[in-house]
Amino acid sequence: MKIFKYLLLFLFFASATTHAQKYNFKTSSFMVSQKDQKGNWSEWSKLQQSEMPVLLDMESHRIVIYSEVIQLFSIMKYGNQEEKENDDVVAFNCIDNNGVECLLTIYTRKKQGNRNQLYITYQDVIIAYNMKVIEEKPAKNK
């Protein structure tokens with residue numbers, strides 16, 4: 001009888017479908033900081049405008065920035081979502097389309113109208129994008 005219960009439980013969980021989520025963003029600007037020969041980070045560059053779509057696709061385990069040259073990041077490990085006093089933070093250990101390891105971190109700035117920022121951190125450079133969530137609009141029925 002126990003085996004039957006476990007079998008039913010297994011079948012229930014095996015038949016349950018899950019849908020991985022996709023999040024769409026659009027960048028508005030970016031800035032860069034670089035590490036010097038002594039290991040110190042530079043001041044952030046001047047904020048530059050950029051309007052590019054960004055896709056966080058948890059089904060395909062990737063983050064894509066649709067810049068002039070597409071930046072593709074394969075998610076190797078999902079970090080825990082952390083809730084801090086002023087920010088919600090989630091990190092992703094990734095490998096970019098050149099095979100280089102990097103850390104992508106999405107911040108939601110609670111005290112700044114829930115503004116989103118994406119940080120791409122390499123050993124010697126950090127790129128920070130300001131982003132907005134793009135709301136998916138349902139298709140209209142005709």
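Heads up: numbering here begins at 1 and tracks the sequence. Heavy atoms only: backbone and side chains are in, while hydrogens, waters and symmetry mates are out. Please read these numbers as outputs of a predicted model, since none were measured by experiment.
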State, yes or no, whether a side-chain contact exists between Gln34 and Asp124 at a heavy-atom distance under 4.5 Å.
no
If you round to the nearest 0.5 Å, how far is OG1 of Thr27 from CD1 of Ile127?
11.5 Å
Would you say Asp57 and Val64 make side-chain contact, with heavy atoms under 4.5 Å?
no
Give a yes or no on this: more than 12 heavy atoms of other residues, nucleotides or ligands lie within 6.0 Å of atom CD of Gln81.
yes
Side chain to side chain contact (heavy atoms under 4.5 Å, CB included) between Ile75 and Asn93, worked out
CA-CA 6 Å; Ile75 300 170; Asn93 291 79; over 6 Å; no
Under a 4.5 Å cut-off applied to non-hydrogen side-chain atoms, are Tyr23 and Met58 in contact?
yes
So the salt bridge (Lys or Arg N to Asp or Glu O under 4.0 Å) pairs with at least one residue in residues 83-92 (sequence neighbours excluded) are Glu83-Lys110, Asp87-Arg109, Asp88-Lys110
In terms of heavy-atom contacts, Ala91 and Leu103 come closest through CB-CD1, 3.9 Å
Got Leu118 and Leu104 here, is their nearest side-chain heavy-atom distance under 4.5 Å?
yes
Test of understanding: clusters of I, L, V, M, F, W, Y form through side-chain heavy atoms closer than 4.5 Å, transitively. Do Tyr129 and Val125 belong to the same one?
yes
If you compare all heavy atoms of Tyr66 against all heavy atoms of Met52, which two are closest, and at what distance to 0.1 Å?
O-CB, 3.8 Å
Quick check for you: to the nearest 0.5 Å, what is the distance between Arg62 atom CZ and Glu59 atom CD?
10.0 Å
Compare all side-chain heavy atoms of Ile95 with those of Phe73 and state whether any distance is below 4.5 angstrom.
no
Cluster check Val133, Phe30: I/L/V/M/F/W/Y, side chain < 4.5 angstrom:
yes
By side chain to side chain donor-acceptor pair (under 3.5 Å), Thr105 pairs with (sequence neighbours left out) none
Salt bridge (Lys or Arg N to Asp or Glu O under 4.0 Å) partners of residues 33-54, not counting sequence neighbours, each pair once
Lys26-Glu51
Distance, nearest 0.5 Å, that separates CG of Asn116 from OH of Tyr107:
13.0 Å
Testing the basics here: between Ile134 and Phe25, what is the closest heavy-atom pair and its distance to 0.1 Å?
CD1-O, 3.3 Å
Write down the atom of Val90, the atom of Gly79, and the distance for their closest heavy-atom approach.
CG2-O, 3.9 Å
Same cluster or not: are Leu47 and Met131 linked, directly or through other Ile, Leu, Val, Met, Phe, Trp or Tyr residues, by side-chain heavy atoms under 4.5 angstrom apart?
no
Considering only heavy atoms from C-beta outward, does the side chain of Ile106 approach that of Leu56 to under 4.5 Å?
yes
For the hydrophobic clusters of this structure (ILVMFWY residues joined by side-chain heavy atoms under 4.5 Å, transitively), does one cluster hold both Val100 and Ile65?
yes
Quick check: closest heavy atoms across Ser33 and Ser42, and the distance to 0.1 Å?
OG-O, 2.8 Å
Restricting to pairs with a member in residues 85-105, which pass ring-ring contact (aromatic ring centres under 6.0 Å, His included), not counting sequence neighbours?
Tyr78-Phe92
Residues in side chain to side chain donor-acceptor pair (under 3.5 Å) with Asn130, at least two apart?
Ser29, Arg115, Gln117
Is any side-chain heavy atom of Tyr122 less than 4.5 Å from a side-chain heavy atom of Asp96?
yes
Is there a path of hydrophobic side-chain contacts, each under 4.5 Å between heavy atoms of I/L/V/M/F/W/Y residues, joining Ile63 to Leu72?
no
The criterion is side chain to side chain donor-acceptor pair (under 3.5 Å); which residues satisfy it with Asn86, sequence neighbours excluded?
Lys111
With rounding to the nearest 0.5 angstrom, report the SG to CD distance, Cys94 to Gln71.
12.0 Å
